Chemist: 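Sharing a structure with you now.
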Amino acid sequence: MSHTVRRLPMFPLSAVLFPYGTLPLHVFEPRYRALAADCLAGDRQFGVVLIDRGSEVGGGDHRVEVGTVATIVDTASFDDGRRLLVTEGGDRFRVVAWLDDDPYPVARVTGIPDDAGIPALSATDVQGAERAVRRCRGLLSELGSAPPMSLDEGSVHGPVEQLWRLCASAPCGPLDSQRLLETEDPRARVSLLIELVEATADDVERLLANGGG
């Protein structure tokens, strides 16, 4: 996505979608059924932004400015009108202006270039983050909270993509995930990711040392 401003249907959620990440959605509200129908009839794209205050259902929420373009890659519908979507994350964007929510939220957005003007990220830069995420998920698996991480190396093309996939695999809450999404410098994103998952891993280690209670 370039700096050009575009009009994009929007799906505010209590979760963060990262570039290269996968997000399944159960669509049941009438307004988002309409959004899904329009997207499937068009380019299959909409924006995902985090709701940092309020609820996904019924409106009245407060939405962050930085989100990710989602592309619908699979769908299934039910007789009662509900729909399941499987989406993949693409480019990041910044909301320029929110438009009318009728029949569903729409915004004008502009793309956020990944790593523009920043020295290229190397595979070595990402190794520490991968070790930290694997350690954290491994410890969580001992608590029964998460399976050990399985990163399909064959599907990853370059350190930037690998870093985004690590962010998506990290056991972070939505606000911390949003911090990772908004971080412009990929090396700063590496450092933040390591900081977040190591803090969680240390907490889990203490729990395990105390018998998991």
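All of these numbers come straight from a predicted model, not from anything done at the bench.
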Chemist: In chain order, what residues pass the side-chain contact (heavy atoms from CB on, under 4.5 Å) check against Ala188, with sequence neighbours excluded?
Modeler: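 In terms of side-chain contact (heavy atoms from CB on, under 4.5 Å), with neighbours along the sequence ignored, Ala188 is linked to Thr183, Asp185.
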Chemist: Can you find a heavy atom in the side chain of Val86 that is under 4.5 Å from one in the side chain of Leu23?
Modeler: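 No; the side chains remain at least 4.5 Å from each other.
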Chemist: Does some side-chain heavy atom of Phe11 sit less than 4.5 Å from a side-chain heavy atom of Pro105?
Modeler: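 Side chain of Pro105 against side chain of Phe11, heavy atoms only: no contact under 4.5 Å found.
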Chemist: Do Asp125 and Ser122 have side-chain N/O donor and acceptor atoms under 3.5 Å apart?
Modeler: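 Note: Asp125 and Ser122 side chains meet the donor-acceptor criterion.
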Chemist: Who are the side-chain hydrogen bond (donor to acceptor under 3.5 Å, both in side chains) partners of Asp176, not counting sequence neighbours?
Modeler: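 Only Arg179 meet the side-chain hydrogen bond (donor to acceptor under 3.5 Å, both in side chains) criterion with Asp176.
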Chemist: Does one hydrophobic cluster hold both Leu175 and Leu180, with members joined at side-chain heavy-atom distances below 4.5 Å?
Modeler: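 Leu175 and Leu180: one cluster.
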Chemist: Would you call Glu29-Arg33 a salt bridge at under 4.0 Å N-O?
Modeler: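 Salt bridge: no.
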Chemist: So, do Thr4 and Thr110 sit near enough that their side-chain heavy atoms are less than 4.5 Å apart?
Modeler: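 Result no, sub-4.5 Å side-chain heavy-atom pair not found.
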Chemist: Run through Gln178, Arg63, His62 and flag the one making a side-chain contact (heavy atoms from CB on, under 4.5 Å) with Asp52.
Modeler: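 Answer to the side-chain contact (heavy atoms from CB on, under 4.5 Å) test with Asp52 among Gln178, Arg63, His62: His62.
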Chemist: Taking all atoms of both residues into account, what is the closest heavy-atom pair of Val197 and Cys172, and its distance?
Modeler: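 Shortest heavy-atom separation between Val197 and Cys172 comes out as CG1-SG, 4.4 Å.
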Chemist: Output every pair passing salt bridge (charged side-chain N to carboxylate O under 4.0 Å, His left out) with a member in residues 193-202, not counting sequence neighbours, ordered by first then second residue.
Modeler: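 Matches after skipping sequence neighbours: Arg135-Asp202.
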Chemist: When you look at Arg7 and Asp43, which way does the salt bridge (Lys or Arg N to Asp or Glu O under 4.0 Å) test go after all the steps?
Modeler: CA-CA 12 Å; Arg7 186 178 182 274; Asp43 63 6; over 6 Å; no
Chemist: Just to verify, what does Ser77 make a side-chain hydrogen bond (donor to acceptor under 3.5 Å, both in side chains) with, not counting sequence neighbours?
Modeler: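 side-chain hydrogen bond (donor to acceptor under 3.5 Å, both in side chains) list for Ser77, sorted by chain: empty.
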Chemist: Which residue pairs pass the side-chain hydrogen bond (donor to acceptor under 3.5 Å, both in side chains) test when at least one of the two sits in residues 15-27, sequence neighbours left out?
Modeler: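 Counting only pairs at least two positions apart or across chains, the side-chain hydrogen bond (donor to acceptor under 3.5 Å, both in side chains) contacts touching residues 15-27 are His26-Arg82.
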Chemist: Compare every heavy atom of Pro9 with every heavy atom of Leu35, then report the nearest pair and how far apart it is.
Modeler: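 The pair with the smallest heavy-atom distance is CD1-CB, 3.9 Å.
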Chemist: Is there a side-chain contact between Val27 and Leu85 (heavy atoms, below 4.5 Å)?
Modeler: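 Side-chain contact under 4.5 Å: yes.
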Chemist: Going by side-chain contact (heavy atoms from CB on, under 4.5 Å), name the residues that satisfy it together with Leu40, two or more places apart in sequence or in a different chain.
Modeler: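 If we apply the side-chain contact (heavy atoms from CB on, under 4.5 Å) test to Leu40, skipping adjacent residues, the hits are Arg44, Ile72, Thr75, Arg83.
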Chemist: Answer with yes or no whether the hydrophobic clustering places Val73 together with Phe18; edges join I, L, V, M, F, W, Y residues whose side-chain heavy atoms lie under 4.5 Å apart.
Modeler: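 Different hydrophobic clusters.
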Chemist: Should Val109 and Val96 count as side-chain neighbours, where that means a heavy-atom distance under 4.5 Å?
Modeler: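 No, too far: nothing below the 4.5 Å cut-off.
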Chemist: Show your working on side-chain contact (heavy atoms from CB on, under 4.5 Å) between Glu184 and Ile112 and close with a plain yes or no.
Modeler: CA-CA 9 Å; Glu184 298 278 340; Ile112 299 175; 3.8 Å; yes
Chemist: Could you list the residues that satisfy side-chain hydrogen bond (donor to acceptor under 3.5 Å, both in side chains) with Ser191, not counting sequence neighbours?
Modeler: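 Partners of Ser191 under the side-chain hydrogen bond (donor to acceptor under 3.5 Å, both in side chains) test: none.
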Chemist: Quick one: side-chain hydrogen bond (donor to acceptor under 3.5 Å, both in side chains) partners of Asp38, sequence neighbours excluded?
Modeler: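 Checked Asp38 against side-chain hydrogen bond (donor to acceptor under 3.5 Å, both in side chains); matches are Tyr104.
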Chemist: Carefully, step by step, assess Leu208 and Leu139 under the rule side-chain contact (heavy atoms from CB on, under 4.5 Å).
Modeler: CA-CA 8 Å; Leu208 291 170; Leu139 288 166; 3.8 Å; yes
Chemist: Can you list the steps and then say if Leu8 with Phe93 is a side-chain contact (heavy atoms from CB on, under 4.5 Å)?
Modeler: CA-CA 10 Å; Leu8 191 65; Phe93 61 79; 4.0 Å; yes
Chemist: So, using side-chain contact (heavy atoms from CB on, under 4.5 Å) as the criterion, who are the partners of Glu65 when residues are at least two apart?
Modeler: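 So Glu65 forms a side-chain contact (heavy atoms from CB on, under 4.5 Å) with Arg94.
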Chemist: Taking all atoms of both residues into account, what is the closest heavy-atom pair of Ala170 and Leu193, and its distance?
Modeler: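 Looking at all heavy atoms of both residues, the closest pair is CB-CD1, 3.6 Å.
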Chemist: Given side chains that start at C-beta, do those of Leu25 and Leu84 come closer than 4.5 Å, heavy atoms only?
Modeler: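 Result no, sub-4.5 Å side-chain heavy-atom pair not found.
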Chemist: I'd like to check the side-chain contact (heavy atoms from CB on, under 4.5 Å) partners of Ala70; sequence neighbours left out, ordered by chain and number.
Modeler: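 Residues passing side-chain contact (heavy atoms from CB on, under 4.5 Å) with Ala70: Leu17, Phe46, Val48, Thr87.
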Chemist: Give me the atom names and distance for the closest heavy-atom approach of Pro159 to Leu121.
Modeler: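 Between these two residues, the closest heavy atoms are CG-O, 3.1 Å.
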Chemist: Any donor and acceptor pair, going by atom type alone, linking the side chain of Arg92 with main-chain N or O of Leu181 inside 3.5 Å?
Modeler: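 Between the backbone of Leu181 and the side chain of Arg92 there is a qualifying donor-acceptor contact (under 3.5 Å).
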Chemist: Can you check whether Arg108 reaches Arg6 side chain to side chain, under 4.5 Å on heavy atoms?
Modeler: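 Sidechains of Arg6 and Arg108: no contact.
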Chemist: Report yes if some heavy atom in the side chain of Val49 is under 4.5 Å from a heavy atom in the side chain of Leu13; otherwise report no.
Modeler: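 In short, these two side chains do not touch, never coming nearer than 4.5 Å.
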Chemist: Check Pro19 against Gly90 and note the closest heavy-atom contact, atom names and distance.
Modeler: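 In this case the closest contact between Pro19 and Gly90 is CB-O, 3.2 Å.
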